[in-house]
Amino acid sequence: MRRGVGLTLLAAALSVVVSSCGNGVIDKSTDGVPPAEATGTLRVLLPSFPPSTKGKEAFQKVVDDFHKTYPKMKVEPDFATYKNLNEKMSTSIAAGIPYDVMVTGVGWVQPFASKNIFEDLGKYGVTPDVIKEKSTPALIPAVTYDKKLYAYPLIADARAVALRKSAFREAGLDPSKPPKSLAELKVAAEKLTKRDKDGNVTRSGFDLASATGFRQSFTTFLASTGTPLYVGGEPNFDNKAGLDTLLWIKSMINNVQPYGQTNAAQQPLVLTGEAAMGIVNGGVDCSADGIGQKNCDDLEFFRFDSGKQIEYVGGDLASIGSRSRHKDAAWGFIQTLTKPTTLDAIAKLNKKIPAYKDASNSPQAKSNPLSQFVADGLVYAVNENEVPANWLEMRGNFDIQLTQAVLGQKDPAKVLHNLAGQSR
Amino acid sequence: MSTTLERPALGTPRKVSASKDSRTLLKSQIRTGWALLAPALLHSGIFIVIPVIAVLVLSLTNYSFGDTWAWVGFGNYADLFRDVDFQASLWHTVLYAIVVIPISMAISLAVAIGLNQKIRGLSFFRTAFYIPTVTATVAVATIWLWIYNPGSGLANGFLSLFGFAPNRWLADPATALPSLMVVGIWQGLGTKVIIYLAALQGVSRDLLESSEIDGANRWQKFANVTWPAIGPVQFFVLITSIVGTFQVFDLVYVMTQGGPGSETRVLVMDIYQNAFQDLKLGYASAETVIMMIVIAVFIGVGRLLQKADAND
């Protein structure tokens with residue numbers, strides 16, 4: 001009897017603890033509640049604002065703006081990076097307190113939408129036509145899963161190619177006629193590569209920007225031959241174009257660039273002069289605080305064209321968590337995030353392009369020649385395209401297996417065949 | 001006057017009372033024992049038993065943080081044995097353990113023997129050897145990243161003095177894992193040295209003096225007196241080293257991320273990748289179960305070796 005009482009007490013105590021913990025963390029749903037009356041905590045996960053003072057100040061402005069509509073909602077930000085985005089999301093789901101707003105990148109939407117972690121934005125009026133009219137049409141495939149839209153673009157992370165005019169002239173090449181096809185690039189890169197007396201590369205001829213893996217560079221070079229990586233979720237690289245591209249990368253690594261080359265500042269090597277030519281992100285700081293005007297003047301930008309002119313474009317994409325208890329408020333927050341002034345601020349912080357119509361005339365595009373160049377080139381946008389549902393797994397597989405092929409550890413044809421088989 | 005000592009007329013109740021007291025005492029002791037054990041049992045139940053059961057159950061599902069999941073039986077285990085990344089990770093982990101454990105134990109013992117002598121600056125050396133252990137692995141890894149930097153690193157700078165060509169330590173598939181092993185050995189020395197030192201100081205002076213009187217040389221004293229005396233400590237160091245090396249993660253995460261390719265991918269890294277990057281929690285749980293089994297096998301082998309050594 002006494003034991004029974006003891007157990008009952010223990011069970012009661014446990015349930016009190018559990019329920020009190022639950023009440024403390026999980027809010028009541030505010031969906032359908034007038035914005036002015038909605039109370040609770042909106043949890044926001046985003047890699048768009050760096051956790052610096054400037055980043056936090058910019059985010060606070062968004063929160064202040066959001067509070068004009070939702071004055072009683074508390075906003076709890078989690079300034080993630082793309083590196084720890086998945087673990088933040090998975091642990092939040094496992095802990096039972098998923099984020100309300102999640103900002104991810106190209107390749108994230110389909111896997112999370114297929115797991116029913118993201119909410120269909122169709123119910124908030126987001127359609128392909130809306131994106132075409134107000135945002136970056138090139139990012140429509142990246143936010144689409146099963147013909148529904150699950151994210152809204154914030155900024156476009158566009159990449160171009162840059163060359164050093166002085167290095168070109170020194171090597172007897174004409175900087176006004178940049179090499180664009182894979183074959184031309186290789187010839188020029190070999191001429192531009194500098195070595196010491198022992199044969200070690202002292203200045204790379206071409207920076208493939210693939211220190212941690214070749215997934216994005218393979219996607220980019222393959223797309224420049226007119227071959228998207230995936231079509232409708234089906235692999236489109238286990239073919240001659242794919243093999244030629246991989247073999248081309250293999251012929252470049254440890255020839256015109258040592259494998260794994262990077263610098264401490266994680267800057268594109270062509271901007272620091274460690275490479276004569278190479279892939280660059282979507283912005284450059286030409287001021288004295290950045291690389292300086294003289295360095296900037298020495299740069300020429302161009303796009304890959306091995307049959308199709310292309311520009312690799314990633315981006316920050318905002319979604320609503322399907323388990324959110326504040327979906328309406330989450331959408332309200334995304335609307336605040338996508339105001340042009342906010343997008344300009346995010347673009348400036350990240351040296352990327354705001355994903356609104358006419359990005360070419362944005363303050364960020366006007367601020368430096370590289371941003372202007374990539375903004376003008378958004379019409380040539382490519383990325384992994386319509387990735388399969390297991391893309392999160394495939395990202396790592398691509399990075400590992402392509403590296404093994406490039407370093408000669410595995411047969412390139414078998415690697416591509418294997419990757420195609422793993423895509424599902 | 002005579003005095004007679006009579007047996008108490010009611011002797012039996014006294015016996016009963018003594019027996020009852022003894023039982024009460026025993027019960028009280030048992031209750032106290034359980035009370036003292038309770039915190040540890042509660043801790044083990046919550047943080048060991050429940051998670052282990054959860055991992056075993058999850059390993060039989062395809063749970064991936066989504067709304068739906070299904071039982072897949074031993075499907076995850078079958079997939080693991082076809083997974084080349086898992087095979088590579090298992091092999092790298094076993095190789096890491098096989099190289100790091102004996103070398104680090106041997107160096108630690110040698111250092112401990114050195115520190116057990118009456119030499120100058122003993123406190124300084126003891127502190128110096130223990131510093132890597134109390135330093136955060138992320139900081140250690142960052143320092144070693146600089147040491148291994150192909151351009152400006154200490155390793156290439158030092159070797160160039162002897163005419164060696166620069167090496168791309170962590171970027172070269174042939175040297176990446178051995179480079180990590182060196183860091184693993186260096187970082188693990190401190191703890192082992194302290195444990196060995198304590199054991200060496202516990203070796204009977206009488207036995208050592210007796211063997212000296214019997215004419216034993218230094219090696220004979222070590223082999224016949226010191227080595228058997230530190231046997232239990234050897235086993236403890238071995239077990240903790242096996243567990244530690246099989247759980248290596250932070251070093252690899254900071255220094256190579258498992259690369260180049262998958263040349264330094266280890267089991268915990270693969271589990272982390274599957275669970276938190278690829279969101280395959282069921283699959284990662286099956287991998288964790290396999291890791292537990294492998295660690296158990298290694299500990300079993302260590303135990304057998306220890307027994308054989310003791311019998312010798």
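Proteins get letters first, then strands, A, B, ... in listed order; numbering begins at 1 in each.
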Which bit of [X] comes within less than 4.5 Å of chain B, counting heavy atoms only: side chain, backbone, both or neither?
{"X": "A:Phe214", "answer": "neither"}
{"X": "A:Gln409", "answer": "side chain"}
{"X": "A:Asn397", "answer": "side chain"}
{"X": "A:Arg323", "answer": "side chain"}

From [X] atom [atom1] to [Y] atom [atom2], the distance as rounded to the nearest 0.5 Å:
{"X": "B:Asn274", "Y": "A:Glu393", "atom1": "CG", "atom2": "CD", "result": "7.0 Å"}
{"X": "B:Glu263", "Y": "A:Leu407", "atom1": "CD", "atom2": "CG", "result": "8.5 Å"}
{"X": "B:Leu281", "Y": "A:Ile93", "atom1": "CG", "atom2": "CD1", "result": "11.0 Å"}

Which bit of [X] is near chain A, if near means a heavy-atom gap under 4.5 Å: side chain, backbone, both or neither?
{"X": "B:Pro150", "value": "neither"}
{"X": "B:Asp85", "value": "side chain"}
{"X": "B:Gln257", "value": "side chain"}

Is the number of heavy atoms from other residues, nucleotides or ligands under 6.0 Å of [X] [atom1] greater than 12?
{"X": "A:Tyr82", "atom1": "OH", "value": "yes"}
{"X": "B:Trp34", "atom1": "CH2", "value": "no"}
{"X": "B:Trp91", "atom1": "CH2", "value": "no"}

Show the nearest heavy-atom pair for residues [X] and [Y], with the distance to one decimal.
{"X": "A:Ser90", "Y": "B:Phe276", "value": "OG-CD2, 3.3 Å"}
{"X": "A:Gln404", "Y": "B:Ser262", "value": "NE2-OG, 2.9 Å"}
{"X": "B:Ala171", "Y": "A:Tyr259", "value": "O-CD2, 3.2 Å"}
{"X": "B:Phe65", "Y": "A:Ile117", "value": "O-CD1, 3.8 Å"}
{"X": "B:Gln277", "Y": "A:Asn86", "value": "O-ND2, 2.7 Å"}
{"X": "B:Pro166", "Y": "A:Asn200", "value": "CG-ND2, 4.1 Å"}

#### Entry: Pairwise side-chain contact, B:Thr68 with A:Lys115, heavy-atom cut-off 4.5 Å (strictly under)
no
### Query
Do the side chains of B:Leu279 and A:Pro111 get nearer than 4.5 Å, heavy atoms only?
no
### Message
Below 4.5 Å, heavy-atom pairs only: which of A:Leu85, A:Val406, A:Asn390, A:Leu392 has the largest tally toward chain B?
### Response
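Option with the top pair count is A:Leu392.
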